[in-house]
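Just so it is clear: chains get the letters A, B, ... in the order the sequence lines come, proteins before strands, and each one is counted from 1.
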Amino acid sequence: MDEKYFAKKIEQKWQRIWAERAAFKAAVEDGRPKFYALEMLPYPSGNLHMGHVRNYSAGDALAWYKRLRGFNVLHPIGWDSFGQPAEDAAVKRGVNPRKWTEDNIEVMRGQLQRLGLSYDWDRQMYAHRPEYYKFDQWFFLKMYEKGLAYKRLTQVNWCETDQATLSNEQASGGLCWRCGNPVTKKDLEQWFLKTTAYTDQLLDDMAEIEAGWPQHVLKRQQDWIGRSEGAYVDFKVRIATGALGNMPKDAPASIRVFTTRIDTIYGANAVVVAAEHPVIAAHRATLPANVTAKIDQIIEENLKPRDRETEIEKDGIDTGIKVLNPFSGEALPVWVGNYVMMDYGTGAVMSVPAHDERDFEFAKKFDLPIRQVVSEPHLVHEHHTMQALALARPFTEYGVLVHSDYWNGKTSEQAKKEMADWAQKHGFGETATTYRLRDWGISRQRFWGSPIPVIYCDKCGVVTEKYENLPVRLPENAPITGTGESPLAKVPEFYETDCPNCGGPAKRETDTMDTFVDSSWYFFRYTDPTNETLPFDPAAAAYWTPVDQYIGGDDHAVMHLIYARFWSKVMRDLGLVNFNEPVKRLLTQGMVVGETFYDDESGKRVYHPPPTVSVERDSKGKMTRAVSADGKALKFAIERMSKSKGNGVDPDEMVEIYGADASRLFVMFAAPIDNELVWNETGIEGAVRFIQRVWRLIYKWRDHIGVTAEPQISSAAAGKLRQKTHQTIKRVSDSFEGLQFNTPVAALMELSNAIADIGVEPEQSGEDERFAVREALSALVLMLTPFAPHTSEELYSVIVGNENGMLANGAVFPEYRPDLAKASEIEIPVQVNGKLRSRLMASPDTANDELQRMALLDEKVREFTDGKEIVKVIVVPKRLVNVVVKA
RNA sequence: GCCGAGGUGGCGAAAUUGGCAGACGCACUAGACUUAGGAUCUAGCGCCGCAAGGCGUGCAGGUUCGAUUCCUGUCCUCGGCACCA
């Protein structure tokens, strides 16, 4: 054993031993319980960043912990290797996307290996390789057969900057999820997967995972799916007279609206429809020019990119068309409104300004009547005598119905149900549920993705590729221009084919699949990574899945995690798996952020990389001033790491300077896993110091800890150390079970401090002390393994005297012994009127009345109680005594 | 605007969920060892105060013998969604 700790030396050594021994190879077996530890797979951009390090360090810690706890652990890694950056690289630098991707994987695999992550490297999956994407296509065919994949013309979200179509999720907020620029619309024929076939299951099955998933993730998914319960109501279009002329022949006889507040229907002052609504198209010829002009203007406005910040002003126009309120019989005008969206509900709403914010705003602007029909219960009486109360703002709560004929006096809850039933009974409506969730558009006009296995034949129409012809392989390359046409459409060798049906000439689909398809089922592939006939063997999946613990960033809270849940349900219905939910427990780790320095004189932030900035601190160490290299005073902030801000940290550099173990330990220790982590360079040195302290402890005691027989009696020092050891075992185990990674490190630091403070030199130590130190050191080393595996393996090899590694030696996580963890004497704080005044030393078994007696006799306590009436004394067993006195 | 998470020393954070606020670490201060220290060791380190003591978990109240923890109100920060009828 070296006297000094050389990180690089031992890290290389143990990485070699692990590889030689295939230490982390997983196999299906009987006996031990299984544990599937999964981290979100990386996109092979070419560089690992600190977010990866944090994610994978946590996953690895858990994998090691479970191994040492006797589990058969599956801990795999793979590559989300389809996607746009490869094409960007092709456009910018003319490189082949496949080569670019493979090269990047090579580099990043090296980075992961240098971190010493305990993956089963034999199970890697690569999304871009035919062996994998073959089954993207296989799944597509299965879904097509089940009617879960279909094609339709649609307006797609289009990002001008990235020249890409985007899913609703990727375009959420009207901004491109990748570049943040505004999204526009474009008409295209697109393939869809019917996620909406599973909306209710996606919602209801959340009950199964409630305990293991962060509440906020489930909430966000819930909001995203957006189930809302209400009713459809049909408003008959009245045969118009006068200026409007006769009703066009093919015009709909009624307009169907969706409402969640049918109880407010007597307050409707209009029906407002989307500009794209069919009723408008049908009547268009008869509408006055100023109306059609306005409608066209609104349509045009809707296509424009939307600025997230500015609220859109209500706009609209009265079409002149009239409809009848089926409840009141009242004739209402039909307006076009820019705030009604064609793709939600029915594209038409009944406008009830008194009870809806938007309708209120609309009515105010166009001076439409506002009639209150739901009242706060205590004001109901007022409404008998007046037409309507003037409303300063809409009343959107539930209440009691007024001015609603037969329904007066009913509560909103009652009325909602009864009025919907009434509508159904009379044939002009029904209860209904609508959702925000749309089907998943998976077509991408991209080269670097899985080809959609569909063929278009002039004679047979849409024909799917045969299973035996899968995979539909990507050509070696394609002319990638970045202009938004499918590159495959320019490769005749690819698209020219024969119809699988009639054998005649036909063309392949040239769009490829969204890369979220790959990540929707990759973690099943790990269970059987080389299967050539099926995505995976159901038996292998049955053993390993569902995933016991999934760890990743919460930026995937909706998209990836909804798609993956959807995919599992489809797989269940295909008979591949027999459960509803693929992930039992989910942990979302926070971002890694760093200090940034910038000046904003020009109105725009100009960033200065931290190494070029000199920083002044006050006597407490607080940053007071930052100055750039050319002497400019800079502002500072904490922001997400990025190249442009210059505050990124290269994991490779960290490993080079401080070692993988120290880097990983620090990342785990620095903050709770779900918090943001502010990177600061100095903190990591503390991790190095800690590892070195442990190293020195083993070095110091290395020749004196061969004692393996538990001694009968213990000195005070030995007893105290053993107590600390077992308390620490409990704390660390509890932390792991609760997925806390920062507090166990603190506990291990305390234990190492306690060993250092034992107060006996090895040479002078007794048998009992040597045993206590051995116990403490081996517990420390084993418990440190999940955070710093290389160092721990090395130190463990010193303790046991061989270099086979912990797992081969059958090492297990130390067992907590309550009898040893128990203190012989504890400190009991004594309060007077809730304020700490003294402390008592007592045995933990001291009876309550004895503690009370001791407290009252205590000199410090008496200073505050003498001459005062003692009202009562509260004794919390083993915790505290509080004496209550009257002043 | 709506939804969610969160405000504890100079900083990252602990606190067995109602019982000693600030464990552990970073930074800082002083000292020791040293030719040297960006190594190591020792001590100190919430604020006010010479001290006794007082104050202190965003702020204001409340419940309680006792509140970082529970309740009410309020302010702020960060994330998500955004005309979803």
Side-chain angles (χ1 to χ4, degrees), chain A residues 172-174 214-220 222-224 226-228 230 257-261 264 272 306 308-309 311-314 337-341 343-352 355-359 361-362 434-436 554-555 557-558 590-591 617-624 638 666 669-672 674-687 689-690 692-693 696 730-731 734 740 742-750 752-753 756 827-839 863 871-885:
Chain A
S172 100
Q215 276 308 302
H216 74 273
V217 172
L218 294 177
K219 183 76 175 70
R220 275 176 64 186
Q222 233 166 44
D223 290 349
W224 192 261
R227 173 157 64 192
S228 82
V257 306
F258 175 73
T259 177
T260 54
R261 291 299 303 274
T264 65
V272 184
R306 292 201 175 159
R308 181 179 266 269
E309 301 305 316
E311 203 156 300
I312 303 138
E313 206 189 328
K314 297 274 178 299
N338 67 340
Y339 70 101
V340 179
M341 299 180 299
D343 57 357
Y344 182 78
T346 60
V349 302
M350 61 180 204
S351 170
V352 186
H355 304 291
D356 180 276
E357 304 268 359
R358 293 151 302 184
D359 297 340
E361 207 186 307
F362 194 70
T434 61
Y435 303 89
R436 224 182 77 121
D554 70 355
D555 35 339
V558 274
M591 279 192 302
R617 293 174 193 275
D618 64 15
S619 63
K620 294 267 171 69
K622 190 179 189 181
M623 214 195 306
T624 51
I638 304 283
F666 172 65
F669 174 62
D674 40 8
N675 278 23
E676 207 171 60
L677 168 56
V678 183
W679 185 263
N680 87 326
E681 202 70 36
T682 50
I684 193 168
E685 283 164 20
R689 280 199 283 269
F690 169 57
Q692 286 172 337
R693 274 204 298 278
R696 282 198 300 269
K730 171 123 175 66
R731 278 174 69 189
D734 289 351
Q740 279 189 296
N742 56 330
T743 47
V745 177
L748 294 176
M749 287 173 170
E750 283 186 43
S752 100
N753 291 344
E827 197 180 64
I828 305 280
V830 183
Q831 301 178 332
V832 177
N833 285 350
K835 287 201 174 147
L836 179 70
R837 296 302 180 188
S838 184
R839 297 165 206 277
E863 271 180 48
V871 182
K872 65 170 147 174
V873 180
I874 285 139
V875 182
V876 184
K878 295 181 195 182
R879 280 277 173 76
L880 146 154
V881 179
N882 186 14
V883 183
V884 185
V885 297

Within the structure shown, what part of the strands sits under 4.0 Å from [X] by heavy-atom distance: base, sugar-phosphate, or nothing?
X: A:Val884; value: sugar-phosphate
X: A:Arg696; value: sugar-phosphate
X: A:Arg220; value: sugar-phosphate
X: A:Gly226; value: nothing
X: A:Asp359; value: nothing
X: A:Glu827; value: base
X: A:Asp554; value: nothing

Of the listed nucleotides [options], the one nearest the side chain of [X]:
X: A:Met341; options: B:rG19, B:rG25, B:rA85; value: B:rA85
X: A:Pro672; options: B:rG19, B:rU40, B:rA14; value: B:rA14
X: A:Asp223; options: B:rC3, B:rA85, B:rC24; value: B:rC3
X: A:Ile874; options: B:rC26, B:rC65, B:rA14; value: B:rC65
X: A:Gln692; options: B:rU40, B:rA85, B:rC81; value: B:rU40
X: A:Thr682; options: B:rA27, B:rC81, B:rC83; value: B:rA27
X: A:Val340; options: B:rA85, B:rA23, B:rA27; value: B:rA85
X: A:Thr743; options: B:rA14, B:rC24, B:rG4; value: B:rA14
X: A:Leu836; options: B:rC24, B:rC81, B:rC20; value: B:rC20
X: A:Arg693; options: B:rC20, B:rG25, B:rC83; value: B:rG25

Whole angstrom value for the distance that separates [atom2] of [N] from [atom1] of [X]:
X: A:Arg839; N: B:rC20; atom1: CZ; atom2: P; result: 10 Å
X: A:Glu685; N: B:rA39; atom1: CD; atom2: P; result: 8 Å
X: A:Arg879; N: B:rA15; atom1: CZ; atom2: C1'; result: 11 Å
X: A:Met749; N: B:rA23; atom1: CE; atom2: C1'; result: 12 Å
X: A:His355; N: B:rC83; atom1: NE2; atom2: C1'; result: 19 Å
X: A:Leu677; N: B:rG6; atom1: CG; atom2: C1'; result: 17 Å
X: A:Asp674; N: B:rG80; atom1: CG; atom2: P; result: 16 Å
X: A:Arg731; N: B:rC24; atom1: CZ; atom2: C1'; result: 8 Å

Side-chain N or O of [X] closer than 4.0 Å to phosphate OP1/OP2 of [N]:
X: A:Lys835; N: B:rC65; result: no
X: A:Arg689; N: B:rC24; result: no
X: A:Asn675; N: B:rG6; result: no
X: A:Asn742; N: B:rA14; result: yes
X: A:Lys872; N: B:rC65; result: yes
X: A:Arg837; N: B:rG54; result: yes

Q. Distance under 6.0 Å and angle within 45° of the ring axis: does A:Lys314 meet both against A:Phe362?
A. no

Q.
Syn or anti for B:rG9? Use the chi torsion, O4'-C1'-N9-C4 for purines and O4'-C1'-N1-C2 for pyrimidines, with syn inside 90° of 0.
A. syn

Q | Anti versus syn assignment for B:rU34, with syn defined as within 90° of 0 | A | anti

Q. Is it true that A:Phe666 and A:Trp679 have ring centroids separated by less than 6.0 Å?
A. yes

Is the side chain of [X] donor-acceptor paired with the backbone N or O of [Y] at a distance under 3.5 Å, no angle test?
X: A:Asp359; Y: A:Val352; result: yes
X: A:Asn833; Y: A:Val885; result: yes
X: A:Asn882; Y: A:Gly834; result: yes
X: A:Asp356; Y: A:Met350; result: no

Q.
Could you write out RNA chain B as dot-bracket? Rules: Watson-Crick or G-U wobble, both distances under 3.5 Å, brackets [ ] for crossings, | for pairs with another strand, dot for unpaired.
A. (((((((..(((......[....))).(((((.......))))).(((....)))..(((((..]....))))))))))))....

Q) Sequence neighbours excluded, which residues qualify as salt bridge (Lys or Arg N to Asp or Glu O under 4.0 Å) partners of A:Arg839? A) A:Glu827

I need the [X] [atom1] to [Y] [atom2] distance, nearest 0.5 Å.
X: A:Asn753; Y: A:Arg693; atom1: CG; atom2: CZ; result: 5.5 Å
X: A:Leu677; Y: A:Met591; atom1: CG; atom2: CE; result: 11.0 Å
X: A:Arg696; Y: A:Ser752; atom1: CZ; atom2: OG; result: 9.5 Å

Q) Taking for each residue the nucleotide of RNA chain B bearing the nearest heavy atom, is the 5' side occupied by A:Asp343 or by A:Ala746? A) A:Ala746

(Q) Would you say that A:Val873 contacts A:Val884 through its side chain, given a criterion of any heavy-atom pair below 4.5 Å between the two side chains? (A) no

Q) Which value, in whole Å, describes the distance between the P atoms of nucleotides B:rC41 and B:rG49? A) 34 Å

Would you tabulate the pairs of protein nitrogen or oxygen atoms and nucleotide nitrogen or oxygen atoms of nucleotides 66-69 of chain B closer than 3.5 angstrom?
none

**Q.** Carboxylate-amine/guanidinium proximity below 4.0 Å for A:Glu863 and A:Arg837
**A.** no

Q.
So which atom in A:Val558 and which in A:Arg220 form the shortest heavy-atom distance, rounded to 0.1 Å?
A. CG1-O, 3.6 Å

